[in-house]
Amino acid sequence: DLSNLAAGCVSMFLLGMAFGTITLAVGAATGGRGLAISVASGLALVTFIVNVLAPSVGAVEPFRVVSPFYYYMGADPLRNGLDLVHTGVLVGIIAAFFGLALIAFERRDLAA
């Protein structure tokens with residue numbers, strides 16, 4: 001179904017935006033491009049591994065809900081369309097880290 005394909009694309013876009021705003025927030029807070037990319041990449045790797053291992057490793061299962069990847073594919077948007085709760089969580093992550101990025105950037109001393 002074309003609408004479910006669009007739902008999967010929207011979900012992937014939101015996942016990318018979530019990690020992009022995390023990168024933006026870390027970069028605005030620290031001023032270091034490399035550090036921002038490293039932190040976001042490391043976070044993406046760890047949360048992906050948690051999401052993949054959670055179904056088979058009982059000790060990791062409770063931590064699955066902290067992974068943005070869970071909200072990206074947990075409700076299977078390619079079969080079921082967008083899940084409003086999962087979409088809302090991803091939009092919330094984007095909004096929260098964008099707000100943190102704005103606050104951090106406004107407090108930076110760029111005169112140096």
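Bear in mind that the values here come from a model prediction, so they are computed numbers and not experimental data.
Put simply, the side chain of Pro77 does not reach to within 4.5 Å of the side chain of Asn4, judged on heavy atoms. In this structure the side chain of Leu24 never reaches within 4.5 angstrom of the side chain of Phe97, judged on heavy atoms.
The line from SG of Cys9 to CG of Leu82 is 10.5 Å long, rounded to the nearest 0.5 Å. Between the OG1 atom of Thr21 and the CD1 atom of Ile93 there is a distance of 8.0 Å, given to the nearest 0.5 Å. Once rounded to the nearest 0.5 Å, the distance linking CG of Leu90 with CE of Met12 reads 11.5 Å.
When every heavy atom of Leu78 is checked against every heavy atom of Gly8, the shortest pair comes out as CD2-CA, 4.0 Å. In terms of heavy-atom proximity, Ala36 sits nearest to Gly27 at CB-N, 3.5 Å.
Note on Phe105: it does not cluster hydrophobically with Met17, by side-chain heavy-atom contacts below 4.5 Å among ILVMFWY residues. Connection of Met73 to Val91 is established within a shared hydrophobic cluster, with ILVMFWY side chains joined at heavy-atom distances below 4.5 Å, either directly or through further cluster members. When hydrophobic clusters are built by joining Ile, Leu, Val, Met, Phe, Trp and Tyr residues whose side-chain heavy atoms come closer than 4.5 Å, directly or via intermediates, Val50 is grouped together with Val57. When hydrophobic clusters are built by joining Ile, Leu, Val, Met, Phe, Trp and Tyr residues whose side-chain heavy atoms come closer than 4.5 Å, directly or via intermediates, Val60 is grouped together with Leu45. Criterion: ILVMFWY side-chain heavy atoms under 4.5 Å apart, direct or through other members. Under it, Leu15 and Phe13 are part of a common hydrophobic cluster.
For the pair Ser11 (side chain) and Tyr72 (backbone), a donor-acceptor distance under 3.5 Å is present. Under the 3.5 Å distance criterion, the side-chain polar atoms of Asn80 are matched with a main-chain donor or acceptor of Ala75.
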- Criterion side chain to side chain contact (heavy atoms under 4.5 Å, CB included) on Thr47 and Phe19, from CA distance to verdict: CA-CA 11 Å; Thr47 58; Phe19 285 110; 3.7 Å; yes

| message | I'd like to know whether Tyr71 forms a side chain to side chain contact (heavy atoms under 4.5 Å, CB included) with Val65, so could you lay out the CA-CA distance, the side-chain angles of the two residues, the decisive distance to 0.1 Å, and finally the verdict. | response | CA-CA 8 Å; Tyr71 298 103; Val65 295; 3.6 Å; yes

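Classified by interplanar angle (parallel below 30°, tilted 30° to 60°, perpendicular above 60°), the ring pair Phe48/Phe69 is perpendicular. Aromatic ring orientation, Tyr70 versus His86: tilted (interplanar angle from 30° to 60°).
For the salt bridge (Lys or Arg N to Asp or Glu O under 4.0 Å) condition, the pairs that include at least one residue of residues 49-76, sequence neighbours left out, are Asp76-Arg79.
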